[in-house]
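Inspection log for the structure reproduced underneath, given as structure tokens.
When reading the values below, keep in mind they use all heavy atoms of this one structure, side chains included, and skip hydrogens, waters and symmetry mates. Because the structure is predicted, anything quoted here is derived from the model rather than measured.
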Amino acid sequence: MTENTTDEDRADVAGMWVTADGHIRQELRADGRYDEARGSRRSAYTGSYTVTGRHIDYVDDSGFTATGDIRDGVLHHEHLVLYREEQQA
């Protein structure tokens, strides 16, 4: 964990984030790992992430990096817009 990331930060963003069409599903886990599915391709991208305020830095297991920001409850991840998936009660 970086000095800028706290468990509270991760807990705030942890969960499933999904594009409006459901094609891309990105699970941000509380342990600082993510798993992104694209269509029927599970675990298309996996890696780690850190949170600073509302900004997310991603490092894919293959080495590439990406960023995202949460604005008004919506995750803007590079060119994607993802919405928090509501958990079933």
Side-chain angles (χ1 to χ4, degrees):
M1 183 176 333
T2 70
E3 66 183 60
N4 293 328
T5 301
T6 66
D7 288 338
E8 184 176 316
D9 290 331
R10 285 195 183 141
D12 192 41
V13 302
M16 186 65 73
W17 295 84
V18 184
T19 54
D21 64 4
H23 182 74
I24 298 174
R25 301 174 57 79
Q26 186 179 91
E27 180 186 13
L28 298 179
R29 299 184 348 209
D31 66 357
R33 298 283 301 164
Y34 72 89
D35 189 313
E36 184 175 302
R38 292 187 172 232
S40 62
R41 186 174 169 210
R42 293 182 174 198
S43 300
Y45 299 100
T46 59
S48 61
Y49 73 93
T50 57
V51 179
T52 306
R54 291 286 169 213
H55 179 79
I56 303 172
D57 289 298
Y58 297 85
V59 178
D60 188 80
D61 289 338
S62 67
F64 75 82
T65 61
T67 62
D69 291 289
I70 297 177
R71 297 189 301 266
D72 297 322
V74 177
L75 173 55
H76 299 267
H77 171 61
E78 298 298 334
H79 65 283
L80 301 173
V81 177
L82 298 108
Y83 303 90
R84 188 184 293 274
E85 184 175 74
E86 298 298 322
Q87 294 184 351
Q88 301 297 318

Side-chain heavy atoms of [X] within contact of [Y], under 4.5 Å:
| X | Y | result |
| --- | --- | --- |
| Tyr58 | Tyr34 | yes |
| Arg84 | Val18 | no |
| Val13 | Tyr49 | yes |
| Leu82 | Ile24 | yes |
| Gln26 | His77 | yes |
| Glu85 | Arg25 | yes |
| Thr50 | Ile56 | no |

- Message: Please verify the inter-ring angle class for Phe64 with Tyr45; under 30° counts as parallel, over 60° as perpendicular, anything in between as tilted.
- Response: perpendicular
Answer with yes or no whether the side chains of [Y] and [X] bring together a donor and an acceptor at under 3.5 Å.
| X | Y | answer |
| --- | --- | --- |
| Asp61 | Thr46 | yes |
| His23 | Arg38 | no |
| Asp69 | His55 | yes |
| Thr67 | Asp57 | no |

- Hey, are Arg42 and Asp35 close enough for a salt bridge, meaning a charged N less than 4.0 Å from a carboxylate O? no
- Ion pair check, Arg33 and Asp31, cut-off under 4.0 Å: no
- Message: Please determine whether the number of non-hydrogen atoms from other residues, nucleotides or ligands lying under 6.0 Å from atom CG of Asp72 exceeds 12.
- Response: no
- Item | Trp17 and Ile70: CA distance, side-chain angles, deciding distance, side-chain contact (heavy atoms from CB on, under 4.5 Å) verdict | CA-CA 11 Å; Trp17 295 84; Ile70 297 177; 4.1 Å; yes
- Which heavy atom in Ala14 sits nearest to a heavy atom in Ala30, and how many Å separate them? CB-N, 3.9 Å
